[in-house]
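A quick write-up on the structure given underneath.
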Amino acid sequence: MGRFVRVADVQEIPEGTIRPFEVEFTRFVIVHTADGFFAIADECSHDGAPFSGGRIRGTEIMCTRHGARFDLRTGAVTAPPAVAPIDTYDVKVEGNDVFIFLD
């Protein structure tokens with residue numbers, strides 16, 4: 001059964017940044033945009049490159065290796081060369097704590 005796990009303090013992930021984490025053998029990044037916090041797998045579905053060096057554009061993240069883009073909200077591909085979506089994780093903020101839902 002899944003549960004929310006605390007991963008960071010809000011101040012550790014300023015707006016406009018991407019921060020990598022690994023919790024319970026799950027690698028992911030938390031992205032802080034003007035629309036809030038999002039969590040996705042830290043691996044591009046095109047070639048496995050990490051997103052921790054990626055670029056944020058609105059609610060999209062771009063892989064720096066080949067330029068594939070994904071929707072941070074759904075994991076859907078928004079620009080090739082990737083064709084498969086990426087995993088997303090539920091995020092909640094309580095006070096100054098950022099939590100991610102892990103199965």
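Quick caveat, the model's predicted, so the values are computed rather than measured.
The distance from atom CG of D47 to atom NE2 of H66, rounded to the nearest 0.5 Å, is 5.0 Å. Put simply, CG on D87 and CZ on R27 are 12.0 Å apart, with the number rounded to the nearest 0.5 Å. A distance of 4.5 Å separates CD1 in I30 from CZ in F21, rounded to the nearest 0.5 Å. The OG atom of S52 lies 11.5 Å from the CZ atom of R19; values are rounded to the nearest 0.5 Å. In this structure, the separation between OG1 on T78 and CD on E60 is 3.5 Å, given to the nearest 0.5 Å.
Note on V29 and I56: same hydrophobic cluster, where clusters join Ile, Leu, Val, Met, Phe, Trp and Tyr whose side-chain heavy atoms are under 4.5 Å apart, directly or indirectly. Taking hydrophobic clusters as Ile, Leu, Val, Met, Phe, Trp and Tyr residues chained together by side-chain heavy-atom distances below 4.5 Å, V93 does not share a cluster with F4.
The aromatic rings of H32 and F37 lie parallel to each other, their planes meeting at an angle below 30°, with 60° marking the opposite boundary. Classified by interplanar angle (parallel below 30°, tilted 30° to 60°, perpendicular above 60°), the ring pair F28/Y89 is tilted.
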**side chain to side chain contact (heavy atoms under 4.5 Å, CB included) between F101 and D103, worked out** = CA-CA 7 Å; F101 188 82; D103 284 324; 3.4 Å; yes

**Request:** Give the intermediate values and the outcome of side chain to side chain contact (heavy atoms under 4.5 Å, CB included) for residues F51 and I86.
**Result:** CA-CA 11 Å; F51 284 114; I86 55 172; 3.9 Å; yes

**Chi angles and distances behind the side chain to side chain contact (heavy atoms under 4.5 Å, CB included) call for R57, R69** = CA-CA 9 Å; R57 292 187 179 155; R69 291 194 312 254; 4.0 Å; yes

**Message:** Set out, in order, the CA-CA distance, both residues' side-chain angles and the distance that settles side chain to side chain contact (heavy atoms under 4.5 Å, CB included) for I40 and F70, then state yes or no.
**Reply:** CA-CA 10 Å; I40 59 169; F70 302 86; 5.9 Å; no

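Residues I13 and A8 share a closest heavy-atom pair of CD1-CB, 3.8 Å. Closest non-hydrogen pair, F38 versus V91, comes out as C-CG2, 3.9 Å. Closest approach of G67 and P81 over heavy atoms only: C-CD, 4.4 Å. Heavy-atom minimum distance, D42 versus P20: OD2-CB, 4.0 Å. Between L72 and T88, the shortest heavy-atom contact is O-CG2, 3.9 Å. Heavy atoms only, all atoms of each residue included: I18 and R55 are closest at CD1-N, 4.3 Å.
Atom CZ of R6 has more than 12 neighbouring heavy atoms from other residues, nucleotides or ligands inside a 6.0 Å radius.
With a 4.5 Å cut-off on side-chain heavy atoms, V77 and V83 do not count as touching.
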